[in-house]
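For reference, the structure is listed below as C-alpha cells.
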Protein chains: 2
Amino acid sequence: MAIDRRVARTRTALYDALVRLIRQRDYDAIRVEDILEEADIGRSTFYAHFTSKDDLLRNSLERLKALLVATRSNEGLTKEAMPPGGNWGVSRTLFEHVFEFTDVQVALAGGRGAAVVHEAVDEVVADFLRETLPPQTADGVPRELALRHAVATFNTILRWWQHGKRDIDAAEADRLFRLLLLDGLPREWRDTFGRLLDGKPDGR
Amino acid sequence: MAIDRRVARTRTALYDALVRLIRQRDYDAIRVEDILEEADIGRSTFYAHFTSKDDLLRNSLERLKALLVATRSNEGLTKEAMPPGGNWGVSRTLFEHVFEFTDVQVALAGGRGAAVVHEAVDEVVADFLRETLPPQTADGVPRELALRHAVATFNTILRWWQHGKRDIDAAEADRLFRLLLLDGLPREWRDTFGRLLDGKPDGR
DNA sequence: ACGATACCGAACACCGTGTTCGGAACGTTC
DNA sequence: GAACGTTCCGAACACGGTGTTCGGTATCGT
C-alpha cells in the first residue's frame, strides 16, 4: 500500500506554507495558527503530523538537503542561470541561486527568530559536507573543524552580502568566499589582525 | 544625587540571575518567573526595569563588552592564567578565559535558544572590533567583511572545541584560530575543497 | 461499494506574559 | 532621626498562543 495521498498533500501544504511565511516575517513571529491558515489545514490535523512548529521546520529542512545534492551537479538550476560552458562549482552555483531568488536572502536576514532558522540550515549544510568530503586530516586541522569553518565562512559572506545590499554579483561573492576560506585574510588585514591578536597597540 | 542603591541592587541581581540560569538551561527554556525566583525579585519590579527577557539579555551583554575592552590588555584575567612573561594577544587571552570558566562554553552550547544568545554575542564582539580596527581595505576585502569573518571564525573554533570535548588546550585553539583566519585552510584541505568547489568529482 | 483512514473544527485546559494598584519597605536629605 | 520621595512587593487580572480531545464528515485504497 502506497502512502495515502491525503497525508502527502497535507504535509507538503504545510511545508510550503512555512517556507512562504518565513520569507515574509521573522520565524518566531509566526504562529501555528498562521501556518494553518496559509496552508488551509485544520488545527488537529497539524498536530497529527508534527508535534510543534520547530518539528515542522526540522522536517522541512530535509528537503533543502536534497536540493544541495542536486546542486552538486547543477541539476536544480534554471536555464538562464546555467553556466556558459561546463559546470560551476557548488559554491558558485549556490551563490547564483541566492542571486536569482532573493527569498533565501530574506530568510537569512536578521531578527530574533532568524537565528533559529540559520542554525538549522547550518546543520543541514554541515551534514551535506560530512557526507561528501573524503576522510583526511591536514596540518592538525581535523575534518569536522575544516568543514564547519567552510559552512561558517559561506554564511558570513551570504549575510554580509545581503545585509549591506552590496552591489556585487554572485561571481564576486564566490571569489571572496574562496579567498577567505582557502587563503585566509589578505596581507594588509593579516598584518592588522596579527598586531591586534599579539596584543600590540595599533598606534592610535 | 547618586543612583538609588535599590535600583542598582535590583538590576545586578537580575543580570546575575540570568547569567546563572543561562549556564544551566537553554535560553528560551527560561521563564521570566524563573529569573524572578532566582534573583528573588518581584514580578512588577522586573517590568519596571526591563520590558522583556530579551531586553534584559541585551542590557546584560553591555557588560560583556566592557570585559572585552579590559581583556585587550589582560586586565580581567586571574593571576593563575596570566602569561609567563609579557602579554598574550586578545584571542589567546579569550581562549584562556573560556578554558578557565567552562560556563561560557555551556552558554555557547547547542539548542534552540542558544542561537539567540550566540547571535547577540556575535554582535557585541563585532562592535568591539569595529571600534578597535583601523579603517582600511585590502585586496577588495572590505573592513566589515574582514571583521565579521574574524568573529565567525573565532566562534567556529569555540563551538567545535567545546562540542567535541576536544582534549586540546587554549594554546592549540588559538593556533588553529590564527591559522584559519590568517592563512585559510592548509594545503590538503585546500585541494579537496578546491576540487569540490570547482564541481569536479572527488573520485568516489 | 465498503471498510479504513485522514481530515475537520469547535471546545477546552493550560501556561507564560505583561499590567495594575494599594500598601509596605527602603533611601535620601535636611 | 524624621519626613518625604522613590522603589519594591505580590496578588489579581486580561490576554494570547499552545496542544489535546472527540464526534462527525470527507476521502482514500482495494
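Computed from a predicted structure; not experimentally measured. Naming convention: chains lettered A, B, ... in sequence-line order (proteins, then strands); numbering from 1 in each chain.
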Separation of [X] atom [atom1] from [N] atom [atom2], in whole Å?
X      : N       : atom1 : atom2 : value
R9(A)  : dT5(C)  : CZ    : P     : 18 Å
K53(B) : dC15(C) : NZ    : P     : 17 Å
L14(A) : dC7(C)  : CG    : C1'   : 12 Å
I30(B) : dT17(C) : CD1   : P     : 11 Å

Notebook entry, point to check: So does S52(A) get a side-chain nitrogen or oxygen closer than 4.0 Å to the phosphate oxygens (OP1/OP2) of dG19(D)?
Noted result: no
Next item on the list: Could you list by number each residue of residues 35-50 of chain B showing a heavy-atom separation from DNA chain C of less than 4.0 Å, or answer none if no residue does?
Entry: R43(B), S44(B), Y47(B)
Check: Is R148(A) paired with E123(A) through a side-chain N to carboxylate O contact shorter than 4.0 Å?
Finding: yes
Margin query: Among N59(B), I41(B), V19(B), T45(B), exactly one meets side chain to side chain contact (heavy atoms under 4.5 Å, CB included) together with L14(B). Which residue is that?
Written below: I41(B)
Notebook entry, point to check: What residue among V151(B), I157(B), T153(B) forms side chain to side chain contact (heavy atoms under 4.5 Å, CB included) with N155(B)?
Noted result: V151(B)
Are the side chains of [Y] and [X] in contact, using a 4.5 Å heavy-atom criterion?
X       : Y       : result
I168(A) : R175(A) : no
L57(A)  : I22(A)  : yes
H149(A) : V141(A) : no

Check: Residues in side chain to side chain donor-acceptor pair (under 3.5 Å) with D16(B), at least two apart?
Finding: none
Notebook entry, point to check: Between R5(B) and E33(B), who's closer to the 5' end of DNA chain C by nearest nucleotide?
Noted result: E33(B)
Notebook entry, point to check: So what is the end-to-end bend of the helix from dA1(C)-dT30(D) to dC30(C)-dG1(D), with 5 pairs used at each end and the value given to 10 degrees?
Noted result: 40°
Check: Within a reach of under 6.0 Å around CZ of R5(A), are more than 12 heavy atoms found that belong to other residues, nucleotides or ligands?
Finding: no
Note to self: Does anything in residues 37-50 of chain A form a salt bridge (charged side-chain N to carboxylate O under 4.0 Å, His left out)? List the pairs, not counting sequence neighbours.
What the structure shows: R20(A)-E38(A)
Next item on the list: Measure from the side-chain N and O atoms of D169(A) to the backbone N and O of E172(A), and report whether any donor-acceptor pair falls under 3.5 Å.
Entry: yes
Give every pair of a protein N or O atom and an N or O atom of nucleotides 4-6 of chain D that lie under 3.5 Å apart, one pair per line with the distance.
unit_1: dG5(D); atom_1: N2; unit_2: R6(B); atom_2: NH2; d: 3.4
unit_1: dT6(D); atom_1: O2; unit_2: R6(B); atom_2: NH1; d: 2.9
unit_1: dT6(D); atom_1: O2; unit_2: R6(B); atom_2: NH2; d: 3.0

Note to self: Ring-plane angle category for F154(B) and F177(B), please: parallel below 30°, perpendicular beyond 60°, tilted otherwise.
What the structure shows: perpendicular
Quick one: which protein N/O atoms are closer than 3.5 Å to N/O atoms of nucleotides 14-16 of chain D? Pair and distance per line, please.
none

Next item on the list: Evaluate the criterion side-chain contact (heavy atoms from CB on, under 4.5 Å) for residue pair L133(B) and F193(A); output intermediate values, then yes/no.
Entry: CA-CA 8 Å; L133(B) 287 180; F193(A) 273 95; 3.6 Å; yes
Margin query: Using a 4.0 Å heavy-atom cut-off, does R11(A) contact any base of the nucleic acid, only the sugar-phosphate backbone, or nothing at all?
Written below: nothing
Check: Does K53(A) make a cation-pi contact with Y27(A), if we ask for NZ or CZ under 6.0 Å from the ring centre and within 45° of the axis?
Finding: yes
